[in-house]
Amino acid sequence: MSIADALMVAIDSGSAVVATDDCVTTTIDGEVVLLNNKTGRYQGLLGAGPDIWDLIQEPTEPADIVSALVEEYDIDRDRAANDVEQFLETLAAEQLINVDASPTR
């Protein structure tokens with residue numbers, strides 16, 4: 001198992017995710033650049049990433065993110081769900097989001 005695999009955080013459908021307060025963001029030429037103040041590491045978001053980042057400024061369930069992306073980009077729901085899950089797991093591993101296992105509804 002790689003270090004990246006060990007750091008991955010499982011995000012189930014009933015979880016709520018929210019951007020951490022320990023992050024500074026800026027947008028440069030359409031790319032959202034995140035700086036984690038705790039780790040000092042940067043993450044760049046392109047494509048649907050900035051849309052997801054906007055959605056998770058408040059606690060949001062992954063299913064709601066998937067629905068918004070399916071509507072906005074007219075993409076397959078299963079693919080969107082898989083991509084969102086992987087994206088959120090990466091953000092969680094980078095300590096850029098908080099995950100709450102309690103549903104938001």
Side-chain angles (χ1 to χ4, degrees):
M1 177 184 326
S2 72
I3 293 173
D5 291 337
L7 293 174
M8 294 305 279
V9 175
I11 304 197
D12 64 44
S13 60
S15 298
V17 296
V18 65
T20 181
D21 292 334
D22 299 321
C23 184
V24 176
T25 65
T26 190
T27 303
I28 302 170
D29 294 330
E31 177 180 13
V32 173
V33 180
L34 314 172
L35 169 63
N36 183 320
N37 287 327
K38 283 186 175 179
T39 65
R41 295 193 340 210
Y42 289 90
Q43 181 81 24
L45 306 180
L46 292 169
D51 293 332
I52 296 171
W53 187 253
D54 286 343
L55 290 168
I56 62 173
Q57 295 309 299
E58 298 291 328
T60 306
E61 290 185 26
D64 294 334
I65 297 168
V66 170
S67 293
L69 294 180
V70 167
E71 185 176 319
E72 176 71 22
Y73 293 99
D74 191 29
I75 57 175
D76 177 71
R77 181 170 290 280
D78 289 338
R79 177 173 179 179
N82 184 52
D83 291 350
V84 165
E85 180 181 357
Q86 289 179 4
F87 182 77
L88 293 176
E89 287 173 353
T90 299
L91 292 179
E94 292 294 329
Q95 301 173 31
L96 294 167
I97 62 172
N98 295 314
V99 180
D100 181 357
S102 305
T104 58
R105 295 180 185 162

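These numbers were taken from a predicted model, which means no experiment stands behind them.
Residue-environment remark: CD (Q57) exceeds the threshold of 12 foreign heavy atoms within 6.0 Å.
Side chains of I52 and L88 form a contact here, defined as non-hydrogen atoms less than 4.5 Å apart.
L46 and I28 are not part of a single hydrophobic cluster, where members link through side-chain heavy atoms under 4.5 Å apart. Linking Ile, Leu, Val, Met, Phe, Trp and Tyr residues whenever their side-chain heavy atoms come within less than 4.5 Å places V99 and L96 in a single cluster. A continuous path of Ile, Leu, Val, Met, Phe, Trp and Tyr side chains, each step under 4.5 Å between heavy atoms, connects L55 with I97, placing both in one hydrophobic cluster.
For the pair S15 and P62, the tightest heavy-atom approach, listed with the atom from each and the gap, is O-CD, 3.0 Å. The two residues F87 and G49 have their closest heavy-atom pair at CZ-CA, 3.8 Å.
Annotation: side chain to side chain contact (heavy atoms under 4.5 Å, CB included) contacts of D54 (sequence neighbours excluded): none.
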All N/O donor-acceptor pairs, side-chain side in residues 29-40, below 3.5 Å, sequence neighbours left out:
{"residue": "N36", "atom": "OD1", "partner": "K38", "partner atom": "N", "Å": "2.7"}
{"residue": "N36", "atom": "OD1", "partner": "T39", "partner atom": "N", "Å": "3.1"}
{"residue": "N36", "atom": "ND2", "partner": "E94", "partner atom": "O", "Å": "3.0"}
{"residue": "N36", "atom": "ND2", "partner": "Q95", "partner atom": "O", "Å": "3.0"}
{"residue": "K38", "atom": "NZ", "partner": "D22", "partner atom": "OD2", "Å": "3.3"}
{"residue": "T39", "atom": "OG1", "partner": "R41", "partner atom": "N", "Å": "3.2"}

May I have the list of side-chain donor-acceptor pairs in residues 69-76 shorter than 3.5 Å, sequence neighbours left out?
{"residue": "Y73", "atom": "OH", "partner": "D51", "partner atom": "OD2", "Å": "2.2"}
{"residue": "D76", "atom": "OD2", "partner": "D78", "partner atom": "N", "Å": "3.2"}
{"residue": "D76", "atom": "OD2", "partner": "R79", "partner atom": "N", "Å": "3.0"}

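For the side chain to side chain contact (heavy atoms under 4.5 Å, CB included) with V17, the qualifying choice from I65, D100, L91 is I65, the only one to do so.
The structure places CD of E85 at 10.5 Å from OG1 of T90, a figure rounded to the nearest 0.5 Å.
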